[in-house]
Amino acid sequence: MVELAHASERINVDGAQVGTWSARLAGDDVKLSGRCPACRHETNAVVALQAAGLESAASDTPEELTVSVACLCRRAHPDRPDDGPAGCGRFWSLLLRIQPDAVTVSPANDRELDDASDAWREATTSQATSVRSAAEKWLAGITALYGLFGLASVGIARDSVAALPLSGRIAVGSAAAVAVCLAGWAVIDAYRAAYGWPVVTAVHDNDELRAWYAGRRAVGIRAARQLGAAVRKAAASLAALVIVVGLLWFVPPAPASEPLLQISRVDDSMVCGTVVTSRSPASLRLRRPGGETVVVPAGDIVAVKPVRSCPG
Ligand SMILES: [Zn+2]
Ligand SMILES: [Zn+2]
């Protein structure tokens, strides 16, 4: 007997062909088994009610769900590609009525859901690889986020900030924080646009299947919007960084406070004050906090100590 040649095509099924199919709930999956309507070989299918896909919303009220089933029979069909899945290549839609204790199978009655159920079957069979490759890309995105902090901290040297008056430091700090936040937000938006936001989606009935499929088709529009938002945020972040650099360059540094010295003399007395220009050689001249100036000959000095304030 010559086996049916392999062909990847959708077929229509009738009640007699799926009447012998059995289905049962197993956790988040429905397990189906029966004879392929095309090649008549035994086959089975696992329909996931939940997909770790990218984007969409979820709810749960088990009801009627249209599912796409592909023949996965183990028999050899001529012309079957070596790298493809098993089976004769045919796929068809079934309507499942899912109740907690029983699942009944009948031919699908809504042709509009053919494409949506095919897309769901493909998404749930390829989800491991698609989520993993998205995760790799996201990993690079998170690395880029950390890189931003490095960039910002190199740009804003601690010494140049410390020299600014308090109001200047606050302005630099705020502008830098805004720049880093906007840049981080821009990176996240860009990655969302490129690879989607990882979410877990549940599809339990035809309404949820329709909603999931509609959301999936809207991905292109949403990605374009997110990419536009990412570019605007990146530009705003750059503007904030320019403000930071401008503040560092043009805000005059706070006047340096004059150094205070405390000098111990040979007679055990102390003199404390700011150093002022000395007119006599080999001596230090200090102005005391009261305003009075004292000349200390070098020979009288036992120790010199910089201090923050003179003892009252
Ligand atoms: Zn077969
Ligand atoms: Zn088949």
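Indexing begins at 1, ligand by ligand and atom by atom, following the structure's order. Since this is a predicted model, take the numbers as computed values, not measurements.
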Note: with side-chain heavy atoms under 4.5 Å as the link, the other cluster members for Val271 come out as Leu261, Ile263, Val275, Leu284, Leu286, Val294, Val296, Ile301, Val304
Protein-side N, O or S atoms sitting under 2.8 Å from the Zn ion (ligand 2) are Cys36 SG, Cys39 SG, Cys71 SG, Cys88 SG
Rounded to the nearest 0.5 Å, the CG atom of Leu65 sits from the CG atom of Asp207 at a distance of 10.5 Å
The disulfide (SG to SG under 2.5 Å) partners of Cys73 (sequence neighbours excluded) come to none
Side chain to side chain donor-acceptor pair (under 3.5 Å) filter on Ser174, not counting sequence neighbours, yields none
Could you tell me how the ring of Trp92 sits relative to the ring of Trp21: parallel (under 30°), tilted (30 to 60°) or perpendicular (over 60°)?
-> perpendicular
Scanning both residues in full, the closest heavy-atom pair of Gln17 with Thr20 reads O-OG1, 4.3 Å
